[in-house]
Amino acid sequence: MAAVHTNDDALADERALMRQAREHLRAMRERTLSLNAQGGDRVSTEYLKASLHRRAKALEDDPGLPLFFGRIDRLRNHDDVPDDTSSPGATTLETFHIGRRHVMDDAGDPVVIDWRADVSRAFYQATRRDPHQLTLRRRFGFSAGELTSFEDEHLLDPAEPDTASRILTEEIERPRVGPMRDIVATIQPEQDDVVRLPLDRSVCVQGAPGTGKTAVGLHRAAYLLHTYRSRLARNGVLVIGPNRAFLHYIAQVLPTLGEVDVRQMTIAELVDGVPIRAESEPRAAAVKGDARMADVIRRAVWDHVGEPSEALLVPRGTRTWRVPAHEVRDAINSLRDRGDGYATGRALLPQRLAHRILLRMEASGDITDDRVQSAVARSQPTKQYVNALWPALDPVKLVMRLLSDADLLARAADGVLSPDEQKLVLWPRPARGPKSAPWSHADAVLVDEARGVVERSSGVGHVVLDEAQDLSPMELRAVGRRAAGASVTVLGDIAQGTTPWATPSWPEALSHLSQPDTHLEVLRKGYRVPASVVELAARLLPSIAPGIEPPEPVRSNRGLLSVVAAGHDDESAAVIREVTEREGSVGIIAADSMVDHLAALLDATGIAFGRLEDDAPLTLVPATLAKGLEFDHVVIIEPARIVAAEANGLRRLYVVLTRAVSSLTVVHAEPLPVELR
Ligand SMILES: Nc1ncnc2c1ncn2[C@@H]1O[C@H](COP(=O)(O)OP(=O)(O)OP(=O)(O)O)[C@@H](O)[C@H]1O
C-alpha cells in the first residue's frame, strides 16, 4: 500500500488551498447571481434568467464534498510553449488540483480543474509504464468535505514501489448508505476509457455485476455535457433506466458532478402515448416485442396509401390539367422510397403532383412560377384527390384497430406472424375507443413504432441506456429512434437478462437500436461483490449464460457468506435482526409474492424497515426490483421461490445474489436450487 500522510505541513497547505477554492467558488456564484438578465425581448430575458439560474445552481457548494480530490504535478517543457523566455530545454513543474467542477480565481486563472478537462485525464490514466509526464499523483482522503489525508505516487521514480492505493481500496470498501454516489475520485483506467470516448462514438459495455457500468454511464453523461456543451445544448442527454426505484437510486450522482440537466426516464415513460390499463400476458408480450412487429406495423401504415386508378384533374381557367394515374403512382413510389415517413410523404405529394401540372402548362406555352404550383397544390381537387389516396393517419387509432380487428391484422401480418401469433397479438375483445382500450406497455411500444413510421420523432443528443439486456427488440427500436443520428452508451450484462425477450447477444441488440457501428467494451473488475459471494453466484453462470465470466473482485476482503436453514419465521426474523446490527445498509430480498408476508413479519417483530425510495437503513425489496441496486448486507429469503416465480428465475437469482457489498445471508426452509447446493 502507498504511504498515507495525515498530519504534516503539506496537508495543512492543501487544506488552506481548499478553503481558498471554496471562497473563489462563492465569489463565482455571487458574480453569476449579480448578473442582470436583460435580453432583447421578454422571451430571451426569460431564457437568460433560466440559464443564469442553472449556472448559479451548478455553482452551489456542497460543504459535504471536497472541492478537489486529487492533484497532479506535471513536467512542463518550455520548448513546447510559444513566447516562453526560459532557457531552451528547461522544464518546470505545473500543478493542477482536480475536482468536480472548475473553480477560478478573480483573475480567471484556474484553482481547481474540472475532472472532465483534458488536463485531468492523466490523473486517471497515468501508470508507471505510461506516466503521462506526471512526477506526482496525489489522492486525497476526506471526511465530511474536509481533507484528512493524502497519498502520493511519484510515477517517474523507479525506486518507488508500485503499490495499490489505500485511498482507492477504502473508497471501494466504504459502506453504502442511501442513493448511489459518484466515483469521480477513483475512476479506473478501463472505466475512464469509456467515460471519455468522443461524442460521435457509440459504445456498448458488457460487464458482470458491480463492474461499474451504471457509474460509468452516468459519468459519461456528465463528461459529454461538459465537453460538448454547445452541441448538446438543444437535445441534451437522456438516461434510460429499468424502473423508478432505480432512477431514484441513481438520481443523486449527476447533481454532485455539477450536471443538473439530464433527463432520466424509464422505458415506459419514453413510450407514453397511451394510458396503460393492462399487462400483456408474457407470450403475447413476447410476440408484440418481436422485431417482426416492425414489419407488421410498417405494412399496416403504408397499406393506407391507395392504388391510383384515376387521373388527377385540376381545372384552371378554361382548361383542365391532368396527371395520369401511372405518373401519380411514380410520384407516390418515389416519396415512399425517400424514407421520410408517411406524414411527410403525404404532405409532399400535392406539390409533386402540382409540379407535373406545371410542366404541362409550360409545355403548352403558359407562363408559370412557384405561386402557380402552390396554388395547384392547395386547390380543392388536388387536396381531395390526395386525401382519398393518402389519408391522414392517427398512430393510436391505427394500432387500436390492428389489435382489435383480426382481418386487418391478418392483412398486415400475412407471412410475418403465424396464425397463432396473430391470435396472441389481438385483444380478447375489440376496443371501443382509444381512451378505454386495454393498452399494455407492449402495446404502447407498438404505438410508438407506428408513430415513428408516420412521423419521424425528434432526437436526443446522446442516450445512455442502462440494463439494456432486458429490452425487447421493439423497445430497442423505440430507443434507437430517439438516438437516430446521435450516439449511444449501452450498458448491460447478458447474464442478468430476466425478461422473456432478453437479448441473447449484443450485436443483435445493437442492430435493433440501429447502431451497428457501436463497439463493444468489456468491464471485468468488480467493485461491489466480494469474492465469497462471487464464487457462489458464479455457480449459476454455466446454466444461465455460458461463456459469460463472473466479475474479478477487487475488494481486499472476501466478504461474509452464510447460508442458514431456518424452519420458521421466528428464525428468519432472528437472522434479519442480527444482520441489521451491522454497519451499513441492509436489503431483505425475496420473491415478490413473499414480500407482504415478510412485511407483516417485520412489523410483528418490531424490526423497522422501509420500501424502495424510502432510503431507510433496512429495505424490503421484491426480487423483480432489485436490479441495479446494492446494499452492504443482503439477506435473501427463500431463493427457490425466486427461481420458481418466473421463466428466467435463475437469472433473477443471479441478479439478487450479486447485490451484496459486504455480506450475503441466504435463508431457506425449502431446498436450495440445485445450482447452489
Ligand atoms: N472506480 C470505482 N471506484 C470506486 N467505486 C466504484 C468504482 N467503480 C464502481 N464502483 C462502485 O461499485 C458499485 C457497483 O457499480 P455499478 O452499480 O455502477 O455497477 P454495475 O456494473 O452497474 O452493476 P450491476 O450490473 O449489478 O447493476 C457501486 O457502488 C460503485 O460506486
Side-chain angles (χ1 to χ4, degrees), residues 69-70 115 123-125 139 141 164-195 204-221 239 241-243 245-247 249-250 252-254 256-257 464-470 489-498 502 521-530 533-534 537 545 548-556 559 584-585 587 589 621 625-632 634 651-662:
F69 46 77
W115 66 276
F123 177 76
Y124 297 104
Q125 291 281 351
R139 295 179 194 276
S165 157
R166 191 187 303 173
I167 284 177
L168 168 64
T169 309
E170 281 169 5
E171 176 57 22
I172 292 169
E173 302 199 344
R174 203 143 63 105
R176 317 295 213 261
V177 184
M180 192 179 196
R181 49 175 192 241
D182 68 59
I183 60 162
V184 68
T186 54
I187 296 173
Q188 292 304 288
E190 61 169 7
Q191 299 175 323
D192 187 63
D193 284 341
V194 176
V195 168
C204 171
V205 181
Q206 157 66 39
T211 48
K213 297 181 294 295
T214 301
V216 163
L218 294 173
H219 288 70
R220 175 152 174 72
V239 175
N243 54 56
F246 174 83
L247 294 182
Y249 168 68
I250 64 167
Q252 282 316 305
V253 174
L254 286 162
T256 62
L257 298 175
V464 176
L465 175 60
D466 207 351
E467 305 291 358
Q469 74 282 347
D470 275 333
T489 300
V490 178
L491 310 160
D493 179 10
I494 298 283
Q496 294 185 65
T498 48
E521 290 279 342
V522 180
L523 293 180
R524 298 177 198 282
K525 297 207 174 101
Y527 300 91
R528 175 195 304 133
V529 193
V533 179
V534 167
I548 297 275
E549 298 293 324
E552 297 163 13
V554 297
R555 304 175 67 81
S556 61
S585 56
I589 313 182
V621 188
L625 290 183
K627 200 166 276 180
L629 309 183
E630 64 185 13
F631 302 91
D632 289 300
V634 169
R651 284 183 164 190
R652 182 74 68 194
L653 182 59
Y654 180 70
V655 172
V656 167
L657 287 168
T658 52
R659 299 306 99 200
V661 174
S662 296

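All ligand and atom numbering here is 1-based and tracks the order in the structure.
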Participant: What about K213: any of its N or O atoms under 3.5 Å from an N or O on ligand 1?
Facilitator: yes
Participant: Quick one: look up the protein heavy atom nearest atom 10 (N) of ligand 1 and list residue, atom name and how far away it is.
Facilitator: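 Here the nearest protein heavy atom works out to Y527 CB, 3.5 Å.
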Participant: I'd like to check which ligand 1 atoms, numbered from 1 as shown, lie under 4.0 Å from a non-hydrogen atom of I172.
Facilitator: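 That gives atoms 4 (C) of ligand 1.
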Participant: Whether K627 and E467 form a salt bridge (side-chain N of Lys/Arg under 4.0 Å from carboxylate O of Asp/Glu) is what I want to check.
Facilitator: no
Participant: Any sub-3.5 Å donor-acceptor pair from D182's side-chain atoms to H219's backbone N or O?
Facilitator: no
Participant: With nothing but distance in play, are any N or O atoms of G210 less than 3.5 Å from an N or O of ligand 1?
Facilitator: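 Yes, since at least one N or O of G210 sits under 3.5 Å from an N or O of ligand 1.
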Participant: Closer than 4.0 angstrom: is that true for some heavy atom of A208 and an atom of ligand 1?
Facilitator: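 Judged by the 4.0 Å heavy-atom criterion, A208 does count as contacting ligand 1.
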Participant: What's the separation between atom CG in L657 and atom CZ in R652, rounded to the nearest 0.5 Å?
Facilitator: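 If we round to the nearest 0.5 Å, L657:CG and R652:CZ are 12.5 Å apart.
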Participant: Check whether any side-chain N or O of R651 sits under 3.5 Å from a backbone N or O of T498 as a donor-acceptor pair, and report yes or no.
Facilitator: no
Participant: Any idea which heavy atoms bring V634 and V656 closest together, and the distance?
Facilitator: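 It is CG1-O, 4.4 Å.
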Participant: Counting heavy atoms only, which part of I183 comes closer than 4.0 Å to ligand 1: side chain, backbone, both or neither?
Facilitator: side chain
Participant: Determine whether any heavy atom of T658 lies closer than 4.0 Å to an atom of ligand 1.
Facilitator: no
Participant: Without swapping roles, check the side chain of Q496 against the backbone of Q469 for a donor-acceptor pair under 3.5 Å.
Facilitator: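 No; zero donor-acceptor contacts below 3.5 Å.
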Participant: Identify which of D192, T211, T214 has a heavy atom lying nearest to atom 22 (O) of ligand 1.
Facilitator: T214
Participant: What residue and atom, counting heavy atoms only, is the protein's closest point to atom 18 (O) of ligand 1, and at what distance?
Facilitator: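 The closest heavy atom on the protein side is A215 N, 2.9 Å.
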Participant: Provide, to 0.1 Å, the distance between atom 28 (C) of ligand 1 and the closest protein heavy atom, together with that atom's residue and name.
Facilitator: E630 OE2, 3.2 Å
Participant: Of all the atoms in ligand 1, which lie at a distance below 4.0 Å from a heavy atom belonging to M180?
Facilitator: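 Answer for ligand 1: 16 (P), 17 (O), 18 (O).
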Participant: Can you check whether R524's main-chain N or O pairs, donor with acceptor, with T211's side chain at less than 3.5 Å?
Facilitator: no
Participant: Using atom types as modelled and distance alone, determine if a side-chain donor or acceptor of R528 lies under 3.5 Å from a backbone N or O of T658.
Facilitator: yes
Participant: Report yes or no: does a heavy atom of K627 sit under 4.0 Å from some atom of ligand 1?
Facilitator: no
Participant: Any donor and acceptor pair, going by atom type alone, linking the side chain of R659 with main-chain N or O of F631 inside 3.5 Å?
Facilitator: no
Participant: Counting from 1, what ligand 1 atoms have a heavy atom of E467 closer than 4.0 Å?
Facilitator: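 Ligand 1 atoms under the 4.0 Å threshold to E467: 27 (O).
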Participant: For the pair Y124 and F69, name the ring-plane relationship: parallel under 30°, tilted 30 to 60°, perpendicular over 60°.
Facilitator: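 Judged by the thresholds at 30° and 60°, the geometry between Y124 and F69 is tilted.
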Participant: Which residue and atom name correspond to the protein heavy atom nearest atom 11 (C) of ligand 1, and how close is it?
Facilitator: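 In this structure, atom 11 (C) of ligand 1 has R176 NH2, 3.7 Å as its nearest protein heavy atom.
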Participant: Looking only at protein heavy atoms, identify the closest one to atom 19 (O) of ligand 1 and say how far it is in Å.
Facilitator: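 The closest heavy atom on the protein side is G212 N, 3.1 Å.
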Participant: Looking at atom 8 (N) of ligand 1, what's its closest protein heavy atom, distance included?
Facilitator: Q191 NE2, 3.0 Å
Participant: Should G628 be listed as contacting ligand 1, given a heavy-atom distance under 4.0 Å as the test?
Facilitator: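 The answer is yes, since G628 has a heavy atom less than 4.0 Å from ligand 1.
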Participant: Looking at Q188, which atoms of ligand 1 are within less than 4.0 Å of one of its heavy atoms?
Facilitator: 1 (N)
Participant: Indicate yes or no for a side-chain donor-acceptor contact from Q188 to the backbone of T186 under 3.5 Å, with no hydrogens or angles considered.
Facilitator: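 It does hold such a pair.
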Participant: Sub-3.5 Å donor-acceptor pair from the side chain of E630 to the main-chain atoms of V661, do we have one?
Facilitator: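 Judged by distance alone, no pair lies under 3.5 Å.
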Participant: Among all protein heavy atoms, pick the one closest to atom 17 (O) of ligand 1 and tell me residue, atom and distance.
Facilitator: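 The protein heavy atom lying closest is R528 NH2, 3.1 Å.
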Participant: Students should be able to answer this: which protein heavy-atom is nearest to atom 3 (N) of ligand 1, and at what distance?
Facilitator: T186 OG1, 2.7 Å
Participant: To the nearest 0.5 Å, tell me how far L625 CG sits from Y249 OH.
Facilitator: 14.5 Å
Participant: Quick check: does R659 get an N/O under 3.5 Å from an N/O on ligand 1?
Facilitator: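 So ligand 1 has an N or O lying under 3.5 Å from an N or O of R659.
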